[in-house]
Amino acid sequence: MANSSSARKSARQADSRRRHNQMQRTSYRTAVKGVKKAVDSGDKNAASEAFAAAQRVIDKLAGKRIVHANKAARHKSRLSKAVKFMA
């Protein structure tokens, strides 16, 4: 446990940041799952709409460095490929 008042405040701030970032990463994963689910269902229009929404979430979190830029790019690439090659 932190000993000084400034260390206690820093610990509180770190905890609130961690919780906020955790919520953001959860929304990221939910967006990715939404695209995968739409691709699996076979509805190309729904999949492209879900991909557009997911792309905004992915780019936003990569810009804030909550998710690494390369990971974001990899997910966007794979999702767009899955949507592109739907039957």
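All values below were derived from every heavy atom in this structure, side-chain atoms included, with hydrogens, water molecules and symmetry-related copies excluded.
Sorted by first and then second residue, the ring pair (Phe, Tyr, Trp, His ring centres under 6.0 Å) pairs with a member in residues 38-58 form an empty list; sequence neighbours excluded.
Closest approach of Val35 to Ala54, counting heavy atoms only: CG2-CB, 3.6 Å. Residue Lys84 comes nearest to Lys44 through the heavy atom pair O-NZ, 3.4 Å, listed as atom of the first residue, atom of the second, then distance. Closest heavy-atom contact between Met86 and Val39: CE-O, 3.8 Å. When every heavy atom of Tyr28 is checked against every heavy atom of Ile58, the shortest pair comes out as CE1-CG1, 3.5 Å.
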Derivation of the side chain to side chain contact (heavy atoms under 4.5 Å, CB included) call for Asp59 and Lys76: CA-CA 9 Å; Asp59 287 335; Lys76 282 173 38 180; 2.7 Å; yes
With side chain to side chain contact (heavy atoms under 4.5 Å, CB included) as the test, would you mind laying out the steps for Lys33 and Lys36 before giving the verdict? CA-CA 5 Å; Lys33 284 180 195 174; Lys36 288 181 181 179; 5.6 Å; no
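Lys9 places a side-chain heavy atom less than 4.5 Å from the side chain of Arg12.
Side chain of Ser10 to backbone of Ser6: no donor-acceptor contact under 3.5 angstrom is found. Under a 3.5 Å cut-off, the side chain of Ser77 and the backbone N or O of Ala73 do not form any donor-acceptor pair. Checked by atom type and distance alone, the side chain of Ser41 pairs as donor or acceptor with a backbone atom of Ala38 at under 3.5 Å. When atom types are taken as modelled, the side chain of Arg8 and the backbone of Asn3 share a donor-acceptor pair closer than 3.5 angstrom.
Between Asp15 and Arg19 there is a salt bridge, with a side-chain nitrogen of the basic residue lying less than 4.0 Å from a carboxylate oxygen of the acidic one.
Residue Arg25 holds its CZ atom at 9.0 Å from CG of Leu61, rounded to the nearest 0.5 Å. Considering NE2 of His75 and CG of Leu79, their distance stands at 7.5 Å, rounded to 0.5 Å.
Dense packing is recorded around CZ of Arg18, with more than 12 heavy atoms of other residues, nucleotides or ligands lying under 6.0 Å away.
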